[in-house]
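Notes to accompany the following structure.
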Amino acid sequence: MTSSSQVSSIEKTFLNGRVVVLVGDITQQHVSALVNAANWTLLGGGGVDGAIHRVGGSAVLHECKEIRRTQYPDGLPTGKAIATTAGNLPADYVIHTVGPIYGRNPEKQADLLADCYRNSLELAATLHLQSVAFPSISTGAFGYPRDEAAGVGSRAVKEFLAKNSSVAEVRLVFFLKNDARVFLQFQNFE
Ligand code: AR6
């Protein structure tokens, strides 16, 4: 039985259905890859990160630790993306990316947020993945205003899809209906 909080409601689609905006829980999305709004440690945290590790289980954390040890001993830089197993999540992979903390580097924060979307999608394409679900990166603990993040994120997704034909669906998942509403007001898809 699915509880009402687990039901995803589609709010709108763009780009001939390749972009789907919905209200739901990122950990309930049946897709090739879920994107995690991680931090540089890759060792978990609150918000999306906490939920993904909680549902994904120890396999996700184990791979994150291995990636830290072998590839990023100093942590994953902001804007970069790496992939791990999805453990018990209903996806094949988790793509972990680190969004910018709003206000810390004002001249670069929009580019860094765009990098998160671009690099996650490029990694998904390299892995031959069909569908990718994103949370609204940086708009929780990292404080990025939802209106600004909507413009930056949607532009980056649109630019990627214009030059890529292998990723069939990008899902943009918002926890609250009002967050999706703000996104739809400020998106750059149309
Ligand atoms: N499904 C979909 N969206 C969610 C969920 C969920 N289960 N939970 C929260 N959101 P945040 P950030 C929304 O804080 O701002 C962590 O501690 C939430 O409403 O998860 O990039 C990490 O370890 C918000 O709009 O990510 C980092 O230290 C959005 O997801 C730091 O927080 C992102 O909120 C990253 O902060």
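Position 1 is the first residue of the sequence; numbering continues from there. Note that ligands are numbered from 1 as they come in the structure, with each ligand's atoms numbered from 1 the same way.
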Handout entry: Test: Lys12 and Glu190 ion pair at under 4.0 Å
Key = yes

Problem - salt bridge (Lys or Arg N to Asp or Glu O under 4.0 Å) against Lys108, all qualifying residues, sequence neighbours excluded - result: none

Table of N or O contacts for ligand 1, cutoff 3.5 Å:
residue: ligand 1; atom: 1 (N); partner: Ile26; partner atom: N; Å: 2.9
residue: ligand 1; atom: 7 (N); partner: Asp25; partner atom: OD1; Å: 2.9
residue: ligand 1; atom: 14 (O); partner: Ala141; partner atom: N; Å: 2.8
residue: ligand 1; atom: 15 (O); partner: Ser138; partner atom: O; Å: 3.4
residue: ligand 1; atom: 15 (O); partner: Thr139; partner atom: N; Å: 3.4
residue: ligand 1; atom: 15 (O); partner: Gly140; partner atom: N; Å: 2.8
residue: ligand 1; atom: 15 (O); partner: Ala141; partner atom: N; Å: 3.2
residue: ligand 1; atom: 15 (O); partner: Phe142; partner atom: N; Å: 3.1
residue: ligand 1; atom: 17 (O); partner: Gly46; partner atom: N; Å: 2.7
residue: ligand 1; atom: 20 (O); partner: Val48; partner atom: N; Å: 2.8
residue: ligand 1; atom: 21 (O); partner: Ser138; partner atom: N; Å: 2.8
residue: ligand 1; atom: 23 (O); partner: Asn39; partner atom: ND2; Å: 2.7
residue: ligand 1; atom: 23 (O); partner: Asp49; partner atom: OD2; Å: 2.7
residue: ligand 1; atom: 25 (O); partner: Thr139; partner atom: OG1; Å: 2.7
residue: ligand 1; atom: 25 (O); partner: Arg146; partner atom: NH1; Å: 3.0
residue: ligand 1; atom: 25 (O); partner: Arg146; partner atom: NH2; Å: 3.0
residue: ligand 1; atom: 28 (O); partner: Asn39; partner atom: ND2; Å: 3.3
residue: ligand 1; atom: 34 (O); partner: Gly140; partner atom: N; Å: 3.4

Side-chain donor/acceptor pairs under 3.5 Å, residues 69-76, sequence neighbours excluded:
residue: Arg69; atom: NE; partner: Glu66; partner atom: OE2; Å: 3.2
residue: Arg69; atom: NH2; partner: Glu66; partner atom: OE1; Å: 2.9
residue: Thr70; atom: OG1; partner: Glu66; partner atom: O; Å: 2.7

Exercise for the section: Would you sort out whether Asn188 and Lys158 count as a side chain to side chain contact (heavy atoms under 4.5 Å, CB included), showing the intermediate values? Expected result: CA-CA 8 Å; Asn188 279 317; Lys158 185 177 177 179; 5.7 Å; no

Which atom pairs, one a donor and one an acceptor, fall under 3.5 Å between side chains of residues 47-57 and the rest of the protein, sequence neighbours left out?
residue: Asp49; atom: OD1; partner: Asn36; partner atom: ND2; Å: 2.7
residue: Asp49; atom: OD2; partner: Gly45; partner atom: N; Å: 3.3

Exercise for the section: Report yes if the distance between the aromatic ring centroids of Phe160 and Tyr117 is under 6.0 Å, otherwise no. Expected result: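 Phe160 vs Tyr117: aromatic centres not under 6.0 Å.
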
